[in-house]
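Below is one structure; the comments refer to it alone.
All chains are named by letter (A, B, ...) in the order of the sequence lines, taking the proteins before the strands, and each is independently numbered beginning at 1.
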2 protein chains.
Amino acid sequence: MTIRVLVADDQSMVRAGFRMLLGNEDDIEVVAEAENGAEAVDKAARFDPTVILMDIRMPEMDGLEATRRILAADSDARILILTTFDLDEYIYEALRAGASGFVLKDDPPEQLIAAIRTVADGDALLSPGVTKRVIKRYARTPRPGPPIELDELTAREQDVLRLIAQGLSNGEIGEQLFISETTVKTHVTHVLQKLNLRDRVQAVVLCYQAGLFDPDE
Amino acid sequence: MTIRVLVADDQSMVRAGFRMLLGNEDDIEVVAEAENGAEAVDKAARFDPTVILMDIRMPEMDGLEATRRILAADSDARILILTTFDLDEYIYEALRAGASGFVLKDDPPEQLIAAIRTVADGDALLSPGVTKRVIKRYARTPRPGPPIELDELTAREQDVLRLIAQGLSNGEIGEQLFISETTVKTHVTHVLQKLNLRDRVQAVVLCYQAGLFDPDE
DNA sequence: TTTCGCCTCCTACTCGAGTAGGAGGCGGCG
DNA sequence: CGCCGCCTCCTACTCGAGTAGGAGGCGAAA
């Protein structure tokens with residue numbers, strides 16, 4: 001089955017470049033082009049592409065907003081964000097918008113083509129330069145001491161910690177768990193003692209830095 | 001310049017497989033093998049490899065601990081984590097330990113070789129299946145309201161927010177910024193008002209969920 | 001059965017956080 | 001110049017967070 005591609009970029013040179021580049025691949029076909037975000041949203045609906053190459057900086061509507069709208073419209077297109085600038089803000093916002101991947105325009109051509117096939121397959125992808133950045137976000141947390149002995153916490157204490165990490169007050173936690181605020185305080189105290197923290201603020205910081213309780217599932 | 005590789009895996013079959021696989025590449029040379037973590041640490045120091053293929057599950061010392069030790073010893077080897085299981089916990093812990101990348105043993109051979117070259121070049125890399133997972137961690141945060149108008153905060157207020165997000169108390173923030181705790185409180189109040197939050201705990205949650213102030217730089 | 005850990009809840013207390021409201025200094029801008 | 005926004009600092013107050021210490025119930029393991 002051929003991969004149907006929509007190229008959304010405001011520079012016609014870039015679009016032509018992709019047509020040329022992808023023309024040689026017989027499993028990939030450029031079915032439409034768009035020169036701004038609004039047009040991309042429209043054509044995504046009409047041409048039902050497998051993959052959308054989406055520039056970020058575009059007139060009318062930028063690529064991030066277009067990405068959000070296309071996915072909100074229940075399209076099953078995979079969106080590959082494409083940009084010259086590898087600025088951090090873009091990356092995270094794009095991923096949050098629901099993009100499946102991220103490549104830089106000056107990545108080598110083979111890599112771009114490989115990227116298209118990868119996301120078409122349903123896999124996600126970040127170009128190496130981008131991946132490096134993402135990894136750096138994880139390659140932190142040089143906390144001293146043991147790796148976080150979450151196991152030392154009882155089930156109830158973990159429940160409480162989870163809710164603390166969501167910003168709830170003791171009273172709110174009590175309501176959630178159907179126990180009194182007093183009891184919540186008891187659990188909080190134990191959590192702080194066991195994890196050697198001063199207050200709930202530090203507990204929140206720890207949870208996030210350690211990647212605990214992230215909405216993975 | 002040839003890429004010097006150290007293969008650390010407890011199964012000799014796997015090590016032999018890599019020797020075979022990499023033997024055909026004339027820019028890659030397997031300079032040593034290790035069958036447990038302790039041995040990997042030792043040989044990393046003695047053979048000065050460019051890239052270390054590191055299994056996670058190994059007797060004596062696991063690959064994560066070995067990774068930490070090798071990097072703690074100031075080696076400039078790039079470590080590529082290698083495992084059969086693509087369990088989440090491993091990924092994040094491995095990246096936190098300082099690994100440059102992560103591949104699954106059943107990734108196609110070409111991909112493994114490409115991965116070695118990629119990390120040797122200084123780029124970071126996650127195999128597609130893994131990348132998907134990492135992306136999922138970012139593809140959340142459907143916060144309501146405006147995208148977070150950080151700009152609405154004055155420079156000082158941003159300073160304070162940054163320190164709040166690190167778990168500091170008002171007094172500690174005052175020390176850091178050389179201002180009185182009273183003044184810090186004033187800033188905190190303004191931050192909370194502007195961002196429409198109840199207390200500093202929610203501010204911390206917001207910062208992390210929005211990806212603000214992460215130690216990227 | 002006795003012991004032990006966990007969960008529950010309580011009072012009484014301390015202390016940091018946050019609010020309210022005001023005030024002075026400083027620099028930019030019309 | 002005068003206004004205004006920002007930064008600084010203050011008092012006085014309220015309230016939630018966290019500590020200390022104790023207590024009862026319950027289920028599992030010795």
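- Considering only heavy atoms from C-beta on, A:Leu53 stays 4.5 Å or farther from A:Ile81 through its side chain.
- Ionic pairing of B:Arg198 and A:Glu172 is present here: one or more N-O contacts between side-chain nitrogen and carboxylate oxygen are shorter than 4.0 angstrom.
- Nucleotide C:dC15 holds its C1' atom 12 Å from the CG atom of B:Asn170, rounded to whole Å.
- Base engagement by B:Thr182 is indicated by at least one non-hydrogen atom pair under 4.0 Å involving a base atom.
- Nearest to the side chain of B:Val188, among C:dC10, C:dG18, D:dC10, sits C:dG18.
- Put simply, CD1 on B:Ile164 and CG on B:Asn170 are 7.0 Å apart, with the number rounded to the nearest 0.5 Å.
- The nearest whole Å value for the distance from the CZ atom in B:Arg156 to the P atom in C:dC26 is 17 Å.
- Rounding to the nearest 0.5 angstrom, the gap separating the CE atom in B:Met58 from the CD atom in B:Glu65 is 11.0 Å.
- At the phosphate of D:dC9, neither OP1 nor OP2 sits under 4.0 Å from any side-chain N or O atom of B:Thr186.
- The side chain of A:Ser180 places an N or O atom within less than 4.0 Å of a non-bridging phosphate oxygen (OP1 or OP2) of C:dC10.
- Residue order along DNA chain D, read from the 5' end via each residue's closest nucleotide, puts B:Lys185 first among B:Lys185 and B:Asp199.
- For the OP1/OP2 pair of D:dC6 and a distance below 4.0 Å, the side-chain nitrogens and oxygens of B:Thr154 include no atom meeting the criterion.
- Nucleotide D:dA17 holds its P atom 10 Å from the CG atom of A:Leu168, rounded to whole Å.
- B:His190 has its NE2 atom 10 Å from the C1' atom of D:dC7, to the nearest Å.
- At whole-Å resolution of the value, CG in B:Leu161 and C1' in C:dG18 are 16 Å apart.
- Distance, A:Leu192 CG to D:dA17 C1': 9 Å, rounded to whole Å.
- One interatomic measurement links the two molecules: CZ of A:Arg198 to C1' of D:dT19, which rounds to 15 Å at whole-angstrom precision.
- Regarding A:Asn196, its CG atom lies at a distance of 15 Å from the P atom of D:dG18, rounded to whole Å.
- Remark: B:His187 is in phosphate contact with D:dT8, judged by side-chain N or O atoms under 4.0 Å from OP1 or OP2.
- Of the charged side-chain nitrogens involved, at least one lies within less than 4.0 Å of a carboxylate oxygen, so that B:Arg15 and B:Glu35 count as a salt-bridged pair.
- The residue A:Ser169 sits close only to the backbone: its heavy atoms come under 4.0 Å of sugar-phosphate atoms, none of a base.
- Within 4.0 Å of B:Thr189, counting heavy atoms only, lies at least one base atom of the nucleic acid.
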